[in-house]
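Small disclaimer: the values here were computed from a predicted structure and weren't measured. In what follows, chains are A, B, ... by sequence order, proteins preceding strands, each numbered from 1.
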Amino acid sequence: MSQGGGDRDLFLKRSRDIEHAKKHGRRISTALFNMVICRIGEGESRVGIVVGKRFGGAVSRNRVKRLFRELTRQLQGQLLAGHALVVFPKRDSIVQPFAVLKELWLSSLQRQQLLRVRES
RNA sequence: GGAGAAGACCGGGUGAUCGCUUGGAGCGGUAACGCUUUAAGAGGAAAGUCCGGACUUCAUGGGCAGGGCGCUGGAUAAUUCCCAGGCGGAGCGAUCCGACACCAGCACCACAGAAAACAAACCGCCGAUGGCCAAGACGACGGGAUUCCAAUCCGGUCGCCUUGGAUCAGGUAAGGGUGAAACGGUGGGGUAAAAGCCCACCGCGGUGGUGGCGACAUCACCGGCAGGGUAAGCGUCGCCCGAUGCAAGGCCAAAUAGGAAGACAUCAGUCGGCUUUCUUCGGAGAGUCGGCGACCGGCUGGCCCGGCCGAGGUCUUCGGGUAGGUCGCUUGAGGUUCGAGGCAACUCGAAUCCCAGAGAAAUGAUCAUCCCCGUUUGGGAGAAAAUCCUAGAUGGGACAGAAUCCGGCUUAUAGGUCUUCUCCACCG
RNA sequence: GCGCCCGUAGCUCAAUGGAUAGAGCAUCGGACUUCGGAUCCGAGGGUUGGGGGUUCAAGUCCCUCCGGGCGCA
């Protein structure tokens, strides 16, 4: 349906979808974020970002969501289709430089074999 | 120069690349939508939700609750906010702070203290006056001793006076450890001792004059003093407030579930007893009496009164509502600049501008450069320290994110700018 | 977003505005016991969430901030 334009279809927004992923997905954790990965079949992969009230004030919560959204936008071309990812950022992720975050994101997805192989 | 007081303002700037949301224009497309281009896109507190409104829905009345505020005047859409003033308090001062009406009624005032709200009196002081007791002087009377009488001496009774009392009646509240608070304060006179008992000043109360719109101020006269505190305890008085909050509310409307609304007629059933008719002997119908229905349940702005509804039948209509979507949704007690009025809050007039509208919630990521501050290195000025100039490296730049919209309050906030004023020190 | 409620010892709760804030459990010490448990005796532990105000006096009354919880589609 979407031709890859606006980023509405890039993100998981309904709590029903996020609860489904949390219940059925497998959980990995890194130094800067936790993540739940769930296979949902057809369609583009989607990313949900969950930031609880314990993370901090509204400014910190908004900032970390923006960081992870930017990460998703920059790297959406390399993601394999048919998965739902739910990210739970940790408090340290807001003080790290963006390049460190990007490196960790790529390597952890590589380990889960969710990245599209470059040469093919 | 130092130490302060009050008020106003800023809250990093510029540029590049890649993105997000909304509006306009153009192109493509039946449409949904897509592409290109252009414009705009967090705050002084957006926060806390403590007040006040706009706006929304809710209503058959009556009464009672409930809440808020409390010096005066002004200003406002409105306010408990704001402005100006009064009074009280703090400060040398600029200034700051103040729930700042009423103690008539009820209630409370622990411990300590003689006594804690009614006025008294535990210790104390006095004992003037009237008693009592003691001593003494004087007088009168009568007695005894020395004795013939006189005279002297002794003791007695009465009267009066003086002095005295661990005294009684009584006077007094000056002084008394306490306490947050003790029934005006200081000084003098006065007295037996005292006391507004008297006087001066201060405080207080009343009356009148003057000034002020007023709170109040001030002056004069009069009064010897009225009688504690707490109402952010119950309460009284005056004024104000209906409730509800954009998750209000309107519209469209999947899936699932079957009901919902209106009108009309009947105006009532059920249980038990008795009488009677029919009977397939199980019962059924009619009449009459009694019980329940009906001291019940639901709705009705928080409560009460009051009010409305309640079973079954027939007919007509299709609606209600969840997920979701959409409207509300940003042109407004609006901003900016002038002018006028007012001490000011603010008001009036003119011109001009359109300035976020998201929806698990857009305003971001990376980089360059400039600005400010700190650390440090090299060079220079300087005898050296201090300090200054210059170049570089490195770190930092607060509090904090619109959610229906406004007016305030409160709280958080790195660094900086401006204006006015006060006190102290020095120089002229 | 809007509305509402609650904060007392480590935990669960008390406490008319009146004095060192109390009880139970828990902790520690002692007694008892061969040792432990139970029991008995005793002790420690509190900025009454923070600050300010009213009052002679505040855990209590009032204001404000902080933390926690609940409801509303």
Whole angstrom value for the distance that separates [atom2] of [N] from [atom1] of [X]:
{"X": "Leu101(A)", "N": "G364(B)", "atom1": "CG", "atom2": "P", "result": "18 Å"}
{"X": "Lys102(A)", "N": "G19(B)", "atom1": "NZ", "atom2": "C1'", "result": "13 Å"}
{"X": "Leu71(A)", "N": "G19(B)", "atom1": "CG", "atom2": "C1'", "result": "14 Å"}
{"X": "Leu75(A)", "N": "C18(B)", "atom1": "CG", "atom2": "C1'", "result": "13 Å"}
{"X": "Phe68(A)", "N": "A365(B)", "atom1": "CZ", "atom2": "P", "result": "13 Å"}
{"X": "Ile94(A)", "N": "A365(B)", "atom1": "CD1", "atom2": "C1'", "result": "14 Å"}
{"X": "Glu103(A)", "N": "U366(B)", "atom1": "CD", "atom2": "P", "result": "15 Å"}
{"X": "Leu67(A)", "N": "C18(B)", "atom1": "CG", "atom2": "C1'", "result": "15 Å"}

Return each pair, listed once, that meets side chain to side chain donor-acceptor pair (under 3.5 Å) where at least one residue sits in residues 88-97 of chain A; pairs must be two or more places apart or across chains. none
Tell me whether [N] sits syn or anti, counting syn as a glycosidic angle within 90° of 0.
{"N": "G379(B)", "result": "anti"}
{"N": "U316(B)", "result": "anti"}
{"N": "A42(B)", "result": "syn"}
{"N": "G282(B)", "result": "syn"}
{"N": "C111(B)", "result": "anti"}

Can you tell me the pairing partner of [N] across any strand shown, Watson-Crick or G-U wobble, with both distances under 3.5 angstrom?
{"N": "A195(B)", "answer": "none"}
{"N": "G302(B)", "answer": "C64(B)"}
{"N": "A217(B)", "answer": "U210(B)"}
{"N": "A39(B)", "answer": "U22(B)"}
{"N": "G7(B)", "answer": "C418(B)"}
{"N": "A385(B)", "answer": "none"}
{"N": "A350(B)", "answer": "U337(B)"}
{"N": "A115(B)", "answer": "none"}

[N] versus [M] - spacing of their [atom1] atoms, nearest Å:
{"N": "A119(B)", "M": "A243(B)", "atom1": "P", "result": "48 Å"}
{"N": "A344(B)", "M": "C370(B)", "atom1": "C1'", "result": "44 Å"}
{"N": "C50(B)", "M": "G307(B)", "atom1": "C1'", "result": "41 Å"}
{"N": "U147(B)", "M": "C132(B)", "atom1": "P", "result": "42 Å"}
{"N": "C427(B)", "M": "G380(B)", "atom1": "C1'", "result": "36 Å"}
{"N": "G312(B)", "M": "U326(B)", "atom1": "P", "result": "44 Å"}
{"N": "C118(B)", "M": "G164(B)", "atom1": "P", "result": "45 Å"}
{"N": "U60(B)", "M": "G249(B)", "atom1": "C1'", "result": "25 Å"}

Report all side-chain donor-acceptor pairs from residues 25-36 of chain A shorter than 3.5 Å, counting only partners two or more places apart or in another chain.
{"unit_1": "Arg26(A)", "atom_1": "NH2", "unit_2": "Gln112(A)", "atom_2": "OE1", "d": "3.1"}
{"unit_1": "Thr30(A)", "atom_1": "OG1", "unit_2": "Leu32(A)", "atom_2": "N", "d": "3.3"}
{"unit_1": "Thr30(A)", "atom_1": "OG1", "unit_2": "Phe33(A)", "atom_2": "N", "d": "3.1"}
{"unit_1": "Thr30(A)", "atom_1": "OG1", "unit_2": "Phe33(A)", "atom_2": "O", "d": "2.9"}

Using atom types as modelled, flag every donor-acceptor pair under 3.5 Å from a side chain in residues 58-68 of chain A to any protein atom, sequence neighbours excluded.
{"unit_1": "Arg61(A)", "atom_1": "NH1", "unit_2": "Gly56(A)", "atom_2": "O", "d": "2.9"}

Could you tell me whether the phosphate oxygens of A362(B), OP1 or OP2, come under 4.0 Å of any side-chain nitrogen or oxygen in Arg73(A)?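 No, no such contact exists.
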With respect to the side chain of Phe98(A), which nucleotide from C20(B), U366(B), A361(B) is positioned closest?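 Minimum distance to the Phe98(A) side chain belongs to U366(B).
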Find which nucleotide of RNA chain B each of Ile49(A) and Gln74(A) is nearest to by heavy atoms, and output the residue with the more 5' nucleotide. Ile49(A)
5'-most contact on RNA chain B: Gly57(A) or Pro97(A), nearest heavy atom basis? Pro97(A)
Between [X] and [Y], is any pair of side-chain heavy atoms under 4.5 Å apart?
{"X": "Phe88(A)", "Y": "Ile49(A)", "result": "no"}
{"X": "Val50(A)", "Y": "Val87(A)", "result": "no"}
{"X": "Leu79(A)", "Y": "Leu85(A)", "result": "yes"}
{"X": "Arg46(A)", "Y": "Phe11(A)", "result": "no"}

Report each atom pair, protein N/O against N/O of nucleotides 41-49 of chain B, whose distance is under 3.5 angstrom.
{"unit_1": "A42(B)", "atom_1": "N1", "unit_2": "Arg66(A)", "atom_2": "NH2", "d": "3.4"}

Might you work through the side chain to side chain contact (heavy atoms under 4.5 Å, CB included) test for Leu106(A) and Gln78(A), ending with a clear yes or no? CA-CA 9 Å; Leu106(A) 277 176; Gln78(A) 306 180 33; 3.9 Å; yes
Let me confirm one number: the NZ-OG distance from Lys102(A) to Ser107(A), rounded to the nearest 0.5 Å. 13.0 Å
All stems with RNA chain C, defined as three or more consecutive Watson-Crick or G-U pairs under 3.5 Å: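 So the stems come out as C:1-7 with C:66-72, C:10-13 with C:22-25, C:27-31 with C:39-43, C:49-53 with C:61-65.
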